[in-house]
> 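Sharing a structure here in structure tokens format.
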Protein chains: 2
Amino acid sequence: MNKINIPQNTPLISYETLLEQFKQLLKKNNLKFTKQREVILSTLYNHEGHFTPEEIYQIIKSENPDLNTGIATIYRTLSLLENANIATSISFGTQGKKYELGVKAHHDHIICTKCGKILEFFDESIEKKQEKIAKSLGFKMEDHIMKIFGICPECQENK
Amino acid sequence: MNKINIPQNTPLISYETLLEQFKQLLKKNNLKFTKQREVILSTLYNHEGHFTPEEIYQIIKSENPDLNTGIATIYRTLSLLENANIATSISFGTQGKKYELGVKAHHDHIICTKCGKILEFFDESIEKKQEKIAKSLGFKMEDHIMKIFGICPECQENK
DNA sequence: CTTATTGCAAACGTTTTGCACGTTT
DNA sequence: AAACGTGCAAAACGTTTGCAATAAG
């Protein structure tokens, strides 16, 4: 019997711990710890949701107007964070990618096609099955997306 | 025991039936049936797999050199087919979208994040589980999307 | 003082659009 | 004849890159 629980979408670790991990990662690769890199990391930590590089750029521009951060740096840092598994991305059609912090509890989405409501869920047996499928096809699994579409209880009533 | 791998799926209906559906759709929307639109439809029907607009453009260029089909028409027709649920698309990051015919047996996708290769699979137990999850959250399930991302056997070797 | 990082602007690849001409109805 | 569709080239879009100036170690 698998529990279908709705995880909270707050990060699993404190910002201090995350920052420390990030600094160690940088040191290990002879990379430098810059104000820009820290601001991008903290912005991802402090904002819930999925953001395009452009959106992150705008947030930083308004919250840190003093630091004149270029969009190229956003892209470069997001790639860095993604390669380090600190951030993850999802592609949204032709319009590009959206990033979120990778250190959150994994979850999938169920979406109401009438009102657009989104709930999150997690199912252990599906997760395991996906690993199994990837393995059987010779793939090294990295990530997955699962979305269920349907009509939510409220919208079923107000028909 | 669930069957996991399925061969790249063949269409469920004959080309004649599909073409007839397409013509009716066009008529219903006061759109015109053109040689270009037919060639794009038949190309999708006759080629198994998932193709970028550019790839479809190249196939048509070599198989129908007489018909001077522009890439813009490929894009416009693919959108049309997708909106009509005759074709479906998958986006893979910055590299764009790949299209396939939508009139196939239901299946999910596993996608190589290095080379963009797409395989199809179907797993009965996951399908059942999804129904169960939707039900437990009070949703009336309509559809779902599942994509697994990873690195394919070939790309694991050529690292 | 050495090396990595930055912002800027130009380059890039994919997708969309404006337009005059062609085709379908 | 009217209306939609076409190819073409230009524009738009998100992303990447070359470079000289700057900041971190």
Side-chain angles (χ1 to χ4, degrees), chain A residues 19-20 22-41 43 50-61 64-84 87 89-99, chain B residues 19-20 22-43 50-61 64-84 87 89-99 113 115-116:
Chain A
L19 187 59
E20 197 44 48
F22 187 42
K23 283 184 178 174
Q24 282 176 20
L25 168 86
L26 292 173
K27 183 168 274 178
K28 213 173 90 183
N29 292 83
N30 289 321
L31 305 175
K32 286 167 183 173
F33 180 68
T34 63
K35 289 188 188 66
Q36 288 86 345
R37 284 177 177 164
E38 167 157 26
V39 165
I40 293 166
L41 182 69
T43 300
H50 297 72
F51 303 98
T52 62
E54 180 66 29
E55 286 165 345
I56 294 167
Y57 176 63
Q58 294 300 339
I59 293 172
I60 290 175
K61 209 157 138 183
N64 301 73
D66 45 314
L67 192 68
N68 187 22
T69 312
I71 187 100
T73 297
I74 308 281
Y75 277 98
R76 288 186 277 230
T77 301
L78 287 174
S79 293
L80 180 63
L81 291 172
E82 190 171 20
N83 286 334
S89 75
I90 293 182
S91 353
F92 278 74
T94 287
Q95 273 70 12
K97 274 178 162 186
K98 291 192 175 184
Y99 289 82
Chain B
L19 185 60
E20 199 42 52
F22 187 42
K23 283 185 179 173
Q24 283 176 19
L25 169 86
L26 292 173
K27 183 168 274 179
K28 214 172 89 184
N29 292 84
N30 290 320
L31 304 175
K32 286 167 182 170
F33 180 69
T34 63
K35 289 187 189 66
Q36 288 85 345
R37 284 177 176 165
E38 166 157 28
V39 165
I40 293 167
L41 183 69
S42 71
T43 300
H50 304 74
F51 303 99
T52 62
E54 179 67 28
E55 286 166 345
I56 295 167
Y57 175 63
Q58 293 302 339
I59 293 172
I60 290 176
K61 210 157 138 186
N64 302 73
D66 45 312
L67 192 67
N68 188 21
T69 311
I71 188 96
T73 298
I74 308 282
Y75 277 98
R76 289 185 277 231
T77 302
L78 287 173
S79 294
L80 179 63
L81 291 172
E82 189 169 19
N83 287 333
S89 74
I90 292 184
S91 34
F92 56 110
T94 288
Q95 286 88 331
K97 273 179 163 186
K98 290 192 175 184
Y99 289 82
T113 56
C115 70

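Note on naming: letters A, B, ... go to the chains in the order of the sequence lines (proteins, then strands), and numbering restarts at 1 for each one.
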> Within the 4.0 Å heavy-atom criterion, would you say A:Q36 contacts the bases, only the backbone, or no part of the nucleic acid?
sugar-phosphate

> Please report the closest heavy-atom contact between A:T77 and A:R37, naming both atoms and the distance.
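Smallest heavy-atom distance, with atoms named: OG1-CG, 3.8 Å.
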
> Please report the closest heavy-atom contact between B:E55 and B:F51, naming both atoms and the distance.
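For B:E55 and B:F51, the tightest heavy-atom pair comes out as OE1-CA, 3.1 Å.
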
> How long is the line joining NZ of A:K27 and P of C:dA4, in whole Å?
16 Å

> Quick one: pull up CD1 in B:I40 and CG in B:L78 and give me the separation to the nearest 0.5 Å.
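The CD1 atom of B:I40 sits 6.0 Å away from the CG atom of B:L78.
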
> Using whole Å, what does the distance between atom P of nucleotide D:dT16 and atom CD of A:E54 come to?
14 Å

> Using heavy atoms to find the nearest nucleotide of DNA chain D for A:S79 and A:L31 separately, return the residue whose nucleotide is more 5′.
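It is A:S79 whose nearest nucleotide is closer to the 5' end.
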
> Provide, to the nearest angstrom, the distance between the NZ atom belonging to B:K35 and the P atom belonging to C:dT23.
8 Å

> Once you apply a heavy-atom cut-off of 4.0 Å, does A:I71 come out as touching a base, just sugar-phosphate, or nothing?
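The answer is nothing, as A:I71 stays clear of every strand by at least 4.0 Å.
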
> Could you state the atom-to-atom distance from OH of A:Y57 to C1' of D:dC13 in whole Å?
16 Å

> Partners of B:S89 by side-chain hydrogen bond (donor to acceptor under 3.5 Å, both in side chains), sequence neighbours excluded?
B:E82

> Counting side-chain heavy atoms from CB outward, which of D:dC8, D:dT15, C:dT15 is closest to A:Y75?
D:dT15

> Let me know the distance between NZ of B:K23 and P of D:dG5, rounded to the nearest Å.
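Checked: the NZ to P distance equals 16 Å.
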
> Quick one: is D:dC8 close enough that its OP1 or OP2 comes under 4.0 Å of any side-chain N or O from B:N68?
yes

> Expressed as a whole number of angstroms, how long is the span from B:N83:CG to C:dT16:P?
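The answer, rounded to whole Å, is 11 Å.
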
> Report the residue (B:A72 or B:L26) whose heavy-atom-nearest nucleotide on DNA chain D is the more 5′ of the two.
B:L26

> Using a 4.0 Å heavy-atom cut-off across all strands, classify A:T69 as base, sugar-phosphate, or nothing.
sugar-phosphate

> For B:Y99 versus B:P53, what's the shortest heavy-atom pair and its separation?
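In this case the closest contact between B:Y99 and B:P53 is CE1-CG, 4.0 Å.
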
> Could you state the OH-C1' distance from B:Y99 to C:dT14, rounded to the nearest angstrom?
11 Å

> Report the nucleotide, chosen from C:dT5, D:dC8, C:dG7, that has the shortest atom-to-atom distance to any side-chain atom of A:R37.
C:dT5

> I want to verify a distance call: between C:dT6, C:dA4, D:dA9, whose nearest atom is closest to the A:R76 side chain?
C:dT6

> At under 4.0 Å, does any side-chain N or O of B:T52 touch on OP1 or OP2 of C:dT14?
no

> Rounded to the Å, how far apart are B:I74 CD1 and D:dC8 P?
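Going from B:I74 (CD1) to D:dC8 (P), I get 12 Å.
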
> For the side chain of A:K32 and the base of C:dT3, is some donor closer than 3.5 Å to an acceptor across the two?
yes

